[in-house]
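A note on names: the letters A, B, ... follow the listed sequences, proteins ahead of strands, and every chain is numbered from 1.
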Number of protein chains: 2
Amino acid sequence: MATIGDVARVAGVSRSTASYALSGKRTISADVRRRVETAVRDLGYTPNAGARALATAQTRVIGLLAQFLEDEFAPAMLQYMLGVSNTARELGYDILLATEADGRNALRRMTDSRMVDGIVLLNVAEHDDRLPILREAPQPGALVGLPADCTGVDVFDLDFEDAGRLMVDHLHRLGHRELVLVSQPEHVVERGGAYVWRLQNAAIEAARTRGITLHAEFGSAHQPEVGRDLHGLLDAYPRATGLLINNEAAAAALPTVLHERRLTAPADLSVVGRYSDEFARTFSLPYSSIESAPDRLGRMAVRELVRRIEGQAGADEPHVVRFVTPELVDRGSTAAPRGD
Amino acid sequence: MATIGDVARVAGVSRSTASYALSGKRTISADVRRRVETAVRDLGYTPNAGARALATAQTRVIGLLAQFLEDEFAPAMLQYMLGVSNTARELGYDILLATEADGRNALRRMTDSRMVDGIVLLNVAEHDDRLPILREAPQPGALVGLPADCTGVDVFDLDFEDAGRLMVDHLHRLGHRELVLVSQPEHVVERGGAYVWRLQNAAIEAARTRGITLHAEFGSAHQPEVGRDLHGLLDAYPRATGLLINNEAAAAALPTVLHERRLTAPADLSVVGRYSDEFARTFSLPYSSIESAPDRLGRMAVRELVRRIEGQAGADEPHVVRFVTPELVDRGSTAAPRGD
DNA sequence: CTGAAAGCGCTTACAG
DNA sequence: CTGAAAGCGCTTACAG
């Protein structure tokens with residue numbers, strides 16, 4: 001492969017001049033610039049990334065830590081990854097991807113060896129054991145998901161509390177008085193998946209305020225168990241007229257469950273989910289839902305991360321915690337309850 | 001961050017000795033080794049990846065080119081990515097991920113700048129425009145998917161022809177005489193997705209040989225269109241007793257379509273799909289299927305790639321084209337046709 | 001406007 | 001068994 005030395009020789013200039021001509025970091029005569037550009041083209045020159053990283057202490061690579069946990073639903077995770085990856089590319093960064101179970105190790109490897117300029121953490125838990133490592137690292141970090149302690153990192157998440165209120169208020173306004181909320185599996189809560197109880201607690205509180213009944217339950221993250229869970233809940237609460245779904249696997253299973261029970265939404269049951277529009281299309285879900293905006297959250301995280309990497313953020317500019325306001329996408333699966 | 005120089009100083013040895021003590025590439029006295037190890041621990045030393053890459057011309061990174069095309073089904077792609085990523089990690093490699101639409105550009109960027117030691121291509125088309133670039137690159141490449149021309153790369157794929165025959169034979173043996181095959185969208189074929197017609201042609205040929213009828217059709221890659229496609233096909237061929245599905249989106253939509261038509265497999269219709277077991281679980285698909293083995297294919301591709309990277313493959317060892325033999329996973333969705 | 005030189009942090013022949 | 005030095009391919013102060 002051609003090196004900057006080859007370019008310099010062919011262009012008849014010094015290596016530093018060749019380098020400056022390419023970076024544009026100092027004024028270069030039109031003639032020299034042209035000769036360098038020609039040489040670059042003729043030789044098919046591309047800078048060696050390792051050498052550049054060594055000289056500049058910048059890799060133009062972002063580390064992406066994604067975990068595919070047993071109790072979470074993989075296709076939902078993919079959306080976040082693509083949001084991060086595509087935004088990174090637009091901003092001129094590549095993605096070093098870690099999917100291994102041991103996120104601490106992956107994080108340490110990437111940051112200690114200086115393979116990356118910054119880190120995006122997905123799947124953030126309440127007390128995420130990767131956070132202490134990330135805070136120690138010299139590279140900035142951005143999270144998708146809200147931990148208990150946000151110091152030292154930029155944090156982006158859906159406002160799950162608002163989402164819980166919105167779901168309950170929407171159905172309350174239509175006249176519903178007894179609702180069932182299906183959350184993610186209880187393991188997720190135990191592991192520290194705060195988004196579960198953030199939505200759930202807010203929904204419970206909203207129901208209490210409105211004086212209506214809300215049965216908050218957990219559902220499996222897997223088929224076919226989650227289908228059985230849904231049948232069980234519909235059996236257990238026959239008078240409930242509204243179903244709130246904060247569990248992607250449950251949402252994916254619901255069409256089949258409703259068919260099996262010969263129920264139609266919204267005629268027999270009003271349904272509101274919480275998932276992305278892309279997810280709804282993939283799984284052909286006809287239910288109104290709170291948009292979880294994974295692509296937007298991924299974009300926001302990368303944008304802020306790059307601002308910090310490139311020093312546009314100001315050395316000691318405080319870190320941000322930013323919530324995306326949930327919006328209800330109406331797919332016509334809610335209405336006034338039967339006989340109302 | 002600590003450098004090898006710091007380690008050497010603290011251990012009271014030269015930098016080369018420190019380096020050799022860590023690599024084990026020459027004999028080191030027990031005493032020196034111990035001092036170096038202690039220094040490494042005390043300083044929290046990790047080698048700088050860029051510097052090492054520059055010195056050794058090895059990055060221990062594999063480039064993974066995945067495309068999320070409009071006419072393909074994203075969750076299916078994810079399986080391949082995880083197979084590649086997890087195997088790479090086991091073998092000590094990290095993954096540089098490109099998801100951008102312009103795969104040629106991504107490939108060139110990664111290989112020219114020497115960011116990676118090798119490349120895995122997913123989503124390979126019959127005449128894939130990334131292949132000429134990959135062949136020119138100094139790094140070895142492994143493909144998941146069979147192109148027309150396999151020179152210069154290692155190729156791994158499901159034996160789609162065998163899969164087509166297996167599907168037809170299986171139903172023929174049970175007594176079926178009229179079948180419908182739903183393939184991926186016709187765009188995929190036009191773009192050069194050879195796996196579509198490889199399975200289809202083999203199925204057609206097998207049907208001809210057995211003297212039975214096979215209606216080969218294309219289906220959309222999206223919900224809800226593909227559901228309508230399925231209804232249309234079942235309307236068009238009311239006497240068909242067997243359904244072959246080589247289209248992930250169609251497989252995902254089928255439970256709903258069958259419910260809507262009040263049909264049960266295998267009582268009313270025998271169904272055989274072609275997708276992975278993981279995919280079946282995610283989408284709760286109760287149909288017998290040809291295992292597409294994405295994780296296994298990802299593993300195979302990475303293993304061979306690493307063999308070449310590390311020179312265990314022998315400089316001019318011929319490239320391989322390896323097919324995974326399809327296996328039918330029996331989920332009980334096939335039986336003798338009604339009234340047989 | 002341009003060049004010679006130092007330095008980024010490693011590894012590895014070369015010498016002893 | 002160990003050390004001094006060269007070199008990987010860049011960038012960027014320093015000098016002119």
Side-chain angles (χ1 to χ4, degrees), chain A residues 1-37 39-40 43-61 109 111-117 138-139 310-311, chain B residues 1-37 39-40 43-61 109 111-117 138-139 310-311:
Chain A
M1 287 297 280
T3 71
I4 189 92
D6 299 323
V7 171
R9 195 167 24 75
V10 170
V13 298
S14 73
R15 301 194 309 152
S16 57
T17 299
S19 177
Y20 282 118
L22 291 174
S23 69
K25 286 192 183 169
R26 76 180 182 192
T27 37
I28 298 282
S29 71
D31 174 48
V32 165
R33 163 164 300 136
R34 221 168 301 118
R35 269 151 50 206
V36 169
E37 279 165 3
V40 164
L43 293 166
Y45 170 74
T46 308
N48 178 300
R52 177 173 276 180
L54 186 57
T56 62
Q58 292 239 334
T59 62
R60 301 207 65 90
V61 174
R109 190 174 65 245
T111 55
D112 285 357
S113 68
R114 303 302 236 267
M115 299 179 90
V116 299
D117 292 341
Q139 297 96 335
E310 300 185 350
Chain B
M1 287 297 281
T3 70
I4 189 92
D6 299 324
V7 171
R9 196 169 23 74
V10 169
V13 297
S14 72
R15 302 195 308 152
S16 55
T17 299
S19 177
Y20 281 118
L22 291 174
S23 68
K25 287 191 183 172
R26 75 181 184 191
T27 37
I28 298 282
S29 71
D31 174 48
V32 166
R33 163 163 301 136
R34 220 168 299 117
R35 267 149 53 204
V36 169
E37 279 164 5
V40 164
L43 294 166
Y45 169 74
T46 309
N48 178 301
R52 175 173 278 181
L54 186 57
T56 61
Q58 292 241 332
T59 62
R60 301 207 66 91
V61 174
R109 189 173 68 246
T111 55
D112 285 358
S113 69
R114 303 302 236 267
M115 300 179 88
V116 299
D117 293 341
Q139 298 95 338
E310 301 186 348

By the definition side-chain hydrogen bond (donor to acceptor under 3.5 Å, both in side chains), identify the one residue from R35(A), R33(A), R34(A) that meets it with D31(A). R35(A)

Do the non-hydrogen side-chain atoms of V40(B) and E37(B) ever get within less than 4.5 Å of each other? no

Nt span of DNA chain C in reach of chain B heavy atoms at under 4.0 Å, 5' end first, is dG9(C) to dC14(C)

Can you tell me how far CZ of R114(B) sits from OG1 of T46(A), rounded to the nearest 0.5 angstrom? 9.5 Å

Which part of the nucleic acid, if any, lies within contact of S29(A), taking any heavy atom under 4.0 Å across all strands shown: a base, the sugar-phosphate backbone alone, or nothing? sugar-phosphate

Any chance you could encode DNA chain D as dot-bracket? Rule is Watson-Crick or G-U wobble with both distances under 3.5 Å; [ ] for pairs crossing earlier ones, | for another strand. |||.||||||||.|||

Scanning both residues in full, the closest heavy-atom pair of R52(B) with P47(B) reads NH2-CG, 3.4 Å

Heavy atoms, side chains only, cut-off 4.5 Å: are V36(B) and V7(B) in contact? yes

How close do I4(B) and Y45(B) get, heavy atom to heavy atom, and via which atoms? N-CE1, 3.4 Å

In numerical order, the residues of residues 44-58 of chain A whose heavy atoms come under 4.0 Å of DNA chain C are L54(A), A55(A)

Students often get this wrong, so: under 4.0 angstrom with heavy atoms, is T3(B) touching a base, only sugar-phosphate, or nothing? sugar-phosphate

Indicate the atoms forming the closest heavy-atom contact of I28(A) with T17(A), along with that distance. CD1-O, 4.0 Å

Residue whose closest nucleotide on DNA chain D lies nearer the 5' end, M1(A) versus R26(A): M1(A)

Closest approach of M1(B) and D112(A), non-hydrogen atoms and distance? CE-O, 3.4 Å

Taking every non-hydrogen atom, the tightest pair across V13(A) and A18(A): CG2-N, 4.0 Å

Between A57(A) and D117(A), which heavy-atom pair has the shortest distance, and what is it? O-OD1, 4.4 Å

